[in-house]
Structure formats: structure tokens, C-alpha cells
Amino acid sequence: MPRTKEQFKELRQEKINKIKQVAMELFASEGYIQTSISKIAKAANISKGLLYNYFESKDDLLKCIVSEGVQDVFESFDIDGDGHLSTDEFEYFVRQSLKNTIERKEFYKLLYTIMLQPNVHDIIANVQNDISIRVLTVANEYFQTRFDDPQTEFLLFSSMMKGLSMQYVFADGYITDEMMEKSITRILDYYRK
């Protein structure tokens, strides 16, 4: 029996997801520059030509991975989309951000390693900047209304969040989920003042 259009669509999406997963793991473990399209195709068990059927280039593949990952992170930010963060939305964002770190450790490993490679970071700068500008605008308003020195408080907050996330990603088992939960509670206790 021939496949339906829906079945072909599902197969295509499965291949794309497999390519992105394999590429993300290779980029994070071996580095973006060192990972070739041939290596990705081989690890995904497809031909190099088929990979190019789904993605124009290695840069395109990286942009796709980062765009989806960053979008997922910020979907938990300003849930009602009104441009203002309530205390509940802020708390949800903090909890969800660190939950995402736990659940998507490979993505964050990739993201942090890219941030440390200027030439590679330039490839994804526009992807990150579009989302970051929206988030920073809303976050700035949240901190402006609650603190005398909002820039310093936001710097402290973002440093704690990134630091906790990076520790979890790179400390390989040193930081437990319980430690993460306690850290989240401490951060939220501080910012509820």
C-alpha cells in the first residue's frame, strides 16, 4: 500500500528531528568547526545529499537548532503576552528556565559552547538578538518597577540564572536536581522582596 501525504510528512519530520538531534550532540561534544556535514549525515544514517535536501548548509542547521531551542526557552516568559511580567509570571519563568536546563542539557551545552566561540556565535547572533530584545524590554520594566538599581539587579539575576544553568550543564552530576530546586527557591525568595 503506498504511503499517504501525511505519512510522508511524518517521515520527513522524523528525519529532520534526527538530523537536528545528531548535529546538536556532535556540535556540543566535538565543536561546531570540527563537525562536518559528512559526519552529521553518517551519524544520522542518511546520505549527505539528503541532509542538504533538508538544510541548506551547516550554518542553516545550527541556526535552526538554536532558533527552536531559544524560542522554547522564552515561551515561558510573559505567558499572557501583554508585555508586562507579573510576579507569578516571573516565578514561572525562573522555574521553567531551570527545568528546561535539566530536560535539555545537550542544547544548553551547545548554546554555552557557541557563546564562547566568537566566529560561531556570529552565525546565530541575529537569531538570539531578535528574541533577546523582546525579553530584555519586558524584563527591564519588571526590574524598573521593583528595584532602586534595576540594571544591577538584572545583571545579578541573569548572572545567577546563567551560572546555575552552566554549572548544571558542565558539572556532570555534581549538581543534583535537589540542589537546583533549592537554588531556584533562594533566587525567588530574594526577588520576592
Side-chain angles (χ1 to χ4, degrees), residues 8-77 93-136 139 157-177 179-180 183-184:
F8 277 116
K9 201 175 189 177
E10 285 177 27
L11 283 172
R12 179 177 172 78
Q13 193 57 52
E14 285 175 20
K15 288 280 189 207
I16 289 170
N17 291 342
K18 172 89 176 189
I19 292 166
K20 288 187 298 189
Q21 183 63 38
V22 165
M24 181 174 56
E25 290 169 5
L26 288 171
F27 291 158
S29 65
E30 298 184 17
Y32 177 76
I33 302 294
Q34 295 79 6
T35 303
S36 67
I37 285 289
S38 297
K39 189 179 261 187
I40 295 167
K42 184 177 180 180
N45 202 25
I46 62 169
S47 71
K48 190 173 161 181
L50 184 57
L51 193 144
Y52 280 118
N53 187 40
Y54 299 123
F55 298 97
E56 291 177 18
S57 64
K58 186 167 80 165
D59 289 359
D60 182 46
L61 176 54
L62 178 65
K63 286 177 190 175
C64 182
I65 292 167
V66 171
S67 177
E68 287 178 11
V70 171
Q71 190 63 42
D72 284 349
V73 170
F74 292 116
E75 281 180 5
S76 61
F77 191 80
F93 173 70
V94 170
R95 290 189 181 285
Q96 194 62 35
S97 294
L98 295 173
K99 180 180 176 195
N100 285 343
T101 300
I102 292 167
E103 292 174 354
R104 303 197 61 219
K105 190 174 180 178
E106 279 300 312
F107 170 74
Y108 284 95
K109 186 175 184 181
L110 169 65
L111 190 61
Y112 293 137
T113 57
I114 287 171
M115 290 169 64
L116 300 173
Q117 301 173 57
N119 294 341
V120 179
H121 186 264
D122 291 347
I123 296 167
I124 61 153
N126 289 339
V127 171
Q128 273 188 297
N129 288 343
D130 292 343
I131 294 170
S132 296
I133 289 169
R134 288 190 327 234
V135 169
L136 288 174
F157 168 73
S158 63
S159 297
M160 284 189 292
M161 293 292 289
K162 285 178 190 166
L164 187 57
S165 178
M166 289 177 101
Q167 287 280 346
Y168 185 82
V169 168
F170 293 110
D172 286 336
Y174 173 73
I175 298 178
T176 64
D177 292 352
M179 291 168 71
M180 287 287 276
S183 298
I184 292 167

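This chain uses plain numbering: 1 for the first residue, then up along the sequence. Hydrogens, waters and symmetry mates are skipped; everything else that's a heavy atom, side chains included, is used. Values in this document were obtained by computation on a predicted structure and should not be read as measured data.
Taking Phe93 as the reference, Phe77 meet the ring-ring contact (aromatic ring centres under 6.0 Å, His included) condition, with sequence neighbours excluded. For the side-chain hydrogen bond (donor to acceptor under 3.5 Å, both in side chains) test, no residue two or more places apart in sequence or in another chain qualifies with Ser97. When the side-chain hydrogen bond (donor to acceptor under 3.5 Å, both in side chains) test is applied to Tyr52, no partner is found at least two apart in sequence or on another chain.
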Candidate pair Met161 and Leu98, rule side-chain contact (heavy atoms from CB on, under 4.5 Å), full reasoning: CA-CA 8 Å; Met161 293 292 289; Leu98 295 173; 4.0 Å; yes
Give the C-alpha distance, both sets of side-chain angles, the deciding distance and a yes or no for side-chain contact (heavy atoms from CB on, under 4.5 Å) between Ile16 and Phe55. CA-CA 9 Å; Ile16 289 170; Phe55 298 97; 3.8 Å; yes
Carefully, step by step, assess Val94 and Met160 under the rule side-chain contact (heavy atoms from CB on, under 4.5 Å). CA-CA 11 Å; Val94 170; Met160 284 189 292; over 6 Å; no
Test side-chain contact (heavy atoms from CB on, under 4.5 Å) applied to Thr176 and Met179, step by step: CA-CA 5 Å; Thr176 64; Met179 291 168 71; 3.2 Å; yes
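Using modelled atom types, one finds no donor on one side chain facing an acceptor on the other under 3.5 Å when comparing Gln21 with Asn17. Side-chain N/O atoms of Tyr112 and Ser165 include a donor and acceptor closer than 3.5 Å.
To the nearest 0.5 Å, atom OH of residue Tyr54 and atom CZ of residue Arg12 are 5.5 Å apart. Here CG of Leu61 is found 7.5 Å from CD1 of Ile19. Values are rounded to the nearest 0.5 Å. Once rounded to the nearest 0.5 Å, the distance linking CD1 of Ile175 with CE of Met180 reads 7.0 Å. Distance NZ/Lys42 to OG/Ser36: 10.0 Å, rounded to 0.5 Å. Taking CZ from Phe107 and CG from Asn100, the interatomic distance works out to 9.5 Å, rounded to the nearest 0.5 Å. Atom CD of residue Gln13 and atom CD of residue Glu10 lie 10.0 Å apart, to the nearest 0.5 angstrom.
Between the side chain of Lys58 and the main chain of Thr35, a donor-acceptor pair closer than 3.5 Å is present. No donor-acceptor pair under 3.5 Å is formed between the side chain of Lys18 and the backbone N or O of Asn45.
The side chain to side chain contact (heavy atoms under 4.5 Å, CB included) test with Leu62 singles out one residue from Asp60, Val66, Asp59, and that residue is Val66. Tested against Phe27 for a side chain to side chain contact (heavy atoms under 4.5 Å, CB included), the candidates Thr113, Ile40, Ile33, Ile114 yield a single pass: Ile40.
When every heavy atom of Tyr168 is checked against every heavy atom of Thr101, the shortest pair comes out as CD2-CG2, 4.0 Å. Nearest approach of Ala43 to Leu26, heavy atoms of both residues: CB-CD1, 4.1 Å. Scanning all heavy atoms of the two residues, the minimum distance from Ser57 to Ile37 falls at C-CD1, 4.3 Å. Taking both residues in full, the closest heavy atoms of Cys64 and Lys20 are given as SG-CD, 3.7 Å, listed atom of the first, atom of the second, then distance. The shortest heavy-atom contact between Met24 and Ile65 is N-CD1, 3.9 Å. Nearest heavy atoms, Glu106 versus Glu25: OE1-CA, 3.9 Å.
In Lys105, the NZ atom is crowded: over 12 heavy atoms of neighbouring residues, nucleotides or ligands sit closer than 6.0 Å. Heavy-atom contacts from other residues, nucleotides or ligands closer than 6.0 Å to CD of Glu56 number 12 or fewer.
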